[in-house]
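Numbering of residues begins at 1 and proceeds along the displayed sequence. One-based numbering, in listed order, for ligands and for the atoms of each.
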Amino acid sequence: MKKYHIPTAAYENFDDPGKALAYLETAKMPVVLKADGLALGKGVLICNTLEEAQEGVRTIMEDKKFGEAGNRMVIEEFMTGREVSVLSFVDGRTIRIMSSAQDHKRAQDGDQGLNTGGMGTFSPSPFYTEEVDAFCRQHIYQATVDAMAAEGRPFKGVIFFGLMLTQDGPRVLEYNARFGDPEAQVVLPRMKNDMIEVVEACIDGTLDQIDLQFEDNAAVCVVLASQGYPVSYEKGFAIAGLERFEDVPGYYCFHAGTKQTPEGIVTNGGRVLGITAKGTDLKEARANAYRATEWVSFDNKYMRSDIGKAIDEA
Ligand code: GLY
């Protein structure tokens with residue numbers, strides 16, 4: 001991203017603790033310190049003050065708290081803002097952007113509790129305005145595809161742009177080379193195109209001939225999880241009510257952690273089902289989705305009750 005001027009968090013690499021400490025004197029707090037190697041997911045420190053950051057550099061590079069991973073480190077700007085997910089199809093050259101979505105990653109209402117794979121989504125995001133879209137089209141989307149090609153690795157498939165809408169404009173938080181889950185559950189039901197045609201166009205390099213279109217409505221997905229997710233939970237409970245979704249347009253029940261047994265379909269994971277409903281706007285879609293969550297029952301059923309509530313603040 002740095003090489004191709006794609007907006008992301010400002011960062012610098014260091015292999016000398018003295019230079020890292022000198023850099024901190026000029027850095028805006030808070031900062032993120034990352035040991036530049038495998039540290040079993042632990043080598044990241046968020047530091048609010050200069051003193052904390054100096055201590056962090058010593059911990060990583062001098063005390064080697066995370067082992068050899070601390071031989072090099074990254075000091076990165078701490079970004080704040082609203083997160084938006086934007087999925088796209090890419091054929092190596094052309095990129096077609098799907099409608100935006102927003103995930104709720106924490107396990108409990110009010111964004112409390114542990115991080116999860118995603119407890120629910122809504123699409124489109126009211127925070128992904130035309131202005132934000134224009135900026136991303138100009139500085140992020142095509143620039144990413146062109147950069148991949150320039151590096152000799154033309155990308156074909158789905159790119160998931162994890163964006164943060166900061167006060168200084170949109171920034172890339174992360175890329176994933178896949179659909180988002182549960183973002184896809186609210187984006188794809190609103191797509192008007194035939195999926196197979198779009199995928200074939202990605203393979204054939206003819207995506208420029210595809211006019212990707214989305215319905216002028218909204219969708220909300222509420223994840224039905226097992227109580228205790230993401231830490232520990234029981235599995236194997238019978239799921240009732242799945243047939244309620246048959247032949248009901250605009251309502252979808254996506255299976256995530258389920259298993260077919262001779263006795264019927266049972267829970268088999270932390271996130272069990274994704275219940276999606278469409279509506280003319282986000283408020284209606286939210287009401288529809290929550291109504292549909294009542295159609296399904298299983299022991300240990302758990303869900304957040306505030307998916308899409310951010311809509312009211314928009
Ligand atoms: N929902 C976030 C992800 O799929 O990575």
K.L.:
On the ring face of Tyr11, is Lys2 found with NZ or CZ under 6.0 Å from the centre and within 45° of the axis?
P.N.:
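Satisfied, under 6.0 Å and within 45°.
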K.L.:
Check ligand 1 against Gly180 and write out every atom of the ligand that is under 4.0 Å from a heavy-atom position of the residue.
P.N.:
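Reading through ligand 1 atom by atom, the close ones are 4 (O).
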K.L.:
Atoms of ligand 1 less than 4.0 Å from Gly117 heavy atoms?
P.N.:
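So the atoms of ligand 1 that pass are 1 (N).
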K.L.:
If I compare all heavy atoms of Ser123 with all of Val187, which pair ends up nearest, and what's the gap?
P.N.:
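Smallest heavy-atom distance, with atoms named: OG-CG2, 4.1 Å.
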K.L.:
Indicate the atoms forming the closest heavy-atom contact of Asp103 with Pro182, along with that distance.
P.N.:
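Closest heavy-atom pair between Asp103 and Pro182: OD1-CD, 3.7 Å.
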K.L.:
State, to 0.1 Å, how close Arg96 and Asp208 come at their nearest heavy-atom pair, and which atoms those are.
P.N.:
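Nearest pair, atom of Arg96 first, then Asp208: NH2-O, 3.1 Å.
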K.L.:
Show the atoms of ligand 1 that are less than 4.0 angstrom away from any heavy atom in Glu183.
P.N.:
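Per the distance check, 1 (N), 2 (C), 4 (O).
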K.L.:
Any idea which atoms of ligand 1 are less than 4.0 Å away from a heavy-atom of Phe160?
P.N.:
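This gives 3 (C), 4 (O), 5 (O) as the contact atoms.
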K.L.:
With atom 4 (O) of ligand 1 as the reference point, say which of Glu174, Arg178, Lys105, Gln102 has the nearest heavy atom.
P.N.:
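It is Arg178 that holds the nearest heavy atom.
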K.L.:
Got the closest protein heavy atom to atom 2 (C) of ligand 1, with its distance?
P.N.:
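Result: Asp103 OD2, 3.4 Å.
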K.L.:
What's the shortest heavy-atom distance between Leu45 and Gly56, and which atoms?
P.N.:
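Looks like CD1-CA, 3.8 Å.
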